[in-house]
**Q** 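Supplied in C-alpha cells, the structure appears directly below.
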Amino acid sequence: MRPARAWAITLVATATMAVSYLDRQVLGVLAPSVRDALDIDAEQYGWLASAFSWAYLLATPIAGRPLERVGIRRGLLVAVVVWSLVSASHALATSFATLFLLRLALGVAEAPSFPGSAAAISRVMPDDQRPRGLGVLYTGTSLGSMLAPPLATGL
C-alpha cells in the first residue's frame, strides 16, 4: 500500500477515535443541565457515568469477532452510524431510565471503535511505521476529550 494511503487511513481512524471520545465526554460536560432537566440526583448521575464504562468494558473484547467477520471497514462504518444514532438519541431522553439505557447502548455501540481502528492501522502501516501510526491513533482520544467541552457547551 502506498504510504499516503496508509497515512490517510490512519488519519481517518484517528478522527473516528476523536469522535468516539467526544461522545463519551459530552454527558460529563453537560451534567448540571442534564441533572436539572431530568431531576437526576448525584447517585443516579454516578450510575449514568458508569453505565457507558461497564458496557464498553464488557463489549470491547467481544467486538473483534464481528469486525473480523464483516470486515474492519464495514464494521467500523456500521459502528459509527449506530453510535451516532444512539448518541443523538440522548437528546430525546426524558427520564433517568431512558438515559441509563442509552448510555449502555452507547458503550456497546462504541466498543468496536478502538479494536477496529487499531486493526486497520496495523494492516495498512509497514512494520517500521506502525508504532508511529498507532501513536497518532491514540492522539484521537485526547483530541476528542479536549474538543468536548467547547463543542458541547457551544452547541
Side-chain angles (χ1 to χ4, degrees), residues 5-35 37-38 40 42 44-68 70-93 96 98-125 129-155:
R5 182 168 166 83
W7 279 105
I9 290 169
T10 297
L11 292 176
V12 169
T14 301
T16 299
M17 290 311 303
V19 171
S20 173
Y21 271 71
L22 188 144
D23 283 347
R24 299 170 195 208
Q25 303 300 319
V26 169
L27 180 64
V29 172
L30 300 178
S33 300
V34 171
R35 286 183 60 192
L38 298 180
I40 294 171
Q44 289 173 313
Y45 178 76
W47 281 104
L48 289 175
S50 64
F52 171 90
S53 296
W54 277 106
Y56 188 80
L57 171 77
L58 297 173
T60 300
I62 299 166
R65 187 169 304 274
L67 282 171
E68 292 290 342
V70 301
I72 299 298
R73 185 184 323 172
R74 187 176 298 135
L76 277 175
L77 176 63
V78 169
V80 170
V81 168
V82 171
W83 96 51
S84 296
L85 292 171
V86 171
S87 185
S89 298
H90 281 60
L92 304 174
F96 164 76
T98 303
L99 193 53
F100 183 79
L101 291 174
L102 287 170
R103 296 305 292 173
L104 289 172
L106 187 63
V108 172
E110 288 194 14
S113 64
F114 216 98
S117 295
I121 291 170
S122 294
R123 290 178 181 179
V124 300
M125 280 292 184
Q129 292 183 19
R130 192 170 299 137
R132 189 175 308 132
L134 290 170
V136 170
L137 173 66
Y138 290 119
T139 65
T141 62
S142 296
L143 184 62
S145 296
M146 291 183 325
L147 291 175
L151 286 177
T153 55
L155 294 173

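Model, not experiment: these values are computed from the prediction. Computed from heavy atoms alone, side chains included, the values below leave out hydrogens, waters and symmetry copies.
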**Q** Please report the closest heavy-atom contact between Tyr138 and Phe114, naming both atoms and the distance.
**A** CE2-CZ, 2.9 Å
**Q** Could you go step by step and tell me if Gln129 and Trp7 meet the side chain to side chain contact (heavy atoms under 4.5 Å, CB included) rule?
**A** CA-CA 10 Å; Gln129 292 183 19; Trp7 279 105; 3.0 Å; yes
**Q** Can you tell if the side chain of Leu27 reaches within under 4.5 Å of the side chain of Arg103, non-hydrogen atoms only?
**A** yes
**Q** Within this structure, what is the OG-CG distance for the pair Ser20 and Leu106, rounded to the nearest 0.5 Å?
**A** 7.5 Å
**Q** With rounding to the nearest 0.5 angstrom, report the CG to CG distance, Leu104 to Leu99.
**A** 10.0 Å
**Q** Under 4.5 Å between any side-chain heavy atoms of Val19 and Val80, yes or no?
**A** no
**Q** Which pairs with one or both residues in residues 51-62 pass side chain to side chain donor-acceptor pair (under 3.5 Å), sequence neighbours excluded?
**A** Arg24-Tyr56
**Q** Please list, chain by chain and in numerical order, all residues satisfying salt bridge (Lys or Arg N to Asp or Glu O under 4.0 Å) with Arg35, sequence neighbours excluded.
**A** none
**Q** Got a sec, which pairs hit side chain to side chain donor-acceptor pair (under 3.5 Å) with one end in residues 73-83, sequence neighbours left out?
**A** Asp23-Trp83
**Q** Look up atom OG in Ser89 and atom CG in Leu101, then write down how far apart they are to the nearest 0.5 Å.
**A** 12.0 Å
**Q** What closest approach, in Å, do Phe96 and Gln44 show between heavy atoms, and which atom pair accounts for it?
**A** CE1-O, 3.3 Å
**Q** Closest approach of Ile72 and Glu68, non-hydrogen atoms and distance?
**A** CD1-OE2, 4.4 Å
**Q** Please identify each residue that fulfils ring pair (Phe, Tyr, Trp, His ring centres under 6.0 Å) with Tyr45, with sequence neighbours left out.
**A** none
**Q** According to side-chain contact (heavy atoms from CB on, under 4.5 Å), who are the partners of Leu147, at least two apart in sequence or on a separate chain?
**A** Leu22, Leu143, Leu151
**Q** What closest approach, in Å, do Ala13 and Ile121 show between heavy atoms, and which atom pair accounts for it?
**A** CB-CD1, 4.0 Å
**Q** Indicate yes or no: at least one non-hydrogen side-chain atom of Met17 is less than 4.5 angstrom from one of Ser113.
**A** yes
**Q** Roughly how far, to the nearest 0.5 Å, is CG of Leu137 from CD1 of Ile9?
**A** 13.0 Å
**Q** Which residues pass the salt bridge (Lys or Arg N to Asp or Glu O under 4.0 Å) test with Arg130, not counting sequence neighbours?
**A** Asp127
**Q** If you take all heavy atoms of Leu57 and Pro61, which pair is closest and at what distance?
**A** O-CD, 3.2 Å
**Q** If every non-hydrogen atom of Leu76 is compared with every non-hydrogen atom of Pro112, which pair is closest and at what distance?
**A** CD2-O, 3.6 Å
**Q** Apply side chain to side chain contact (heavy atoms under 4.5 Å, CB included) to Val78 and Val70, showing your working.
**A** CA-CA 10 Å; Val78 169; Val70 301; over 6 Å; no
**Q** Could you check whether any side-chain N or O of Thr139 sits under 3.5 Å from a backbone N or O of Val136, counting only pairs where one atom can act as donor and the other as acceptor?
**A** yes
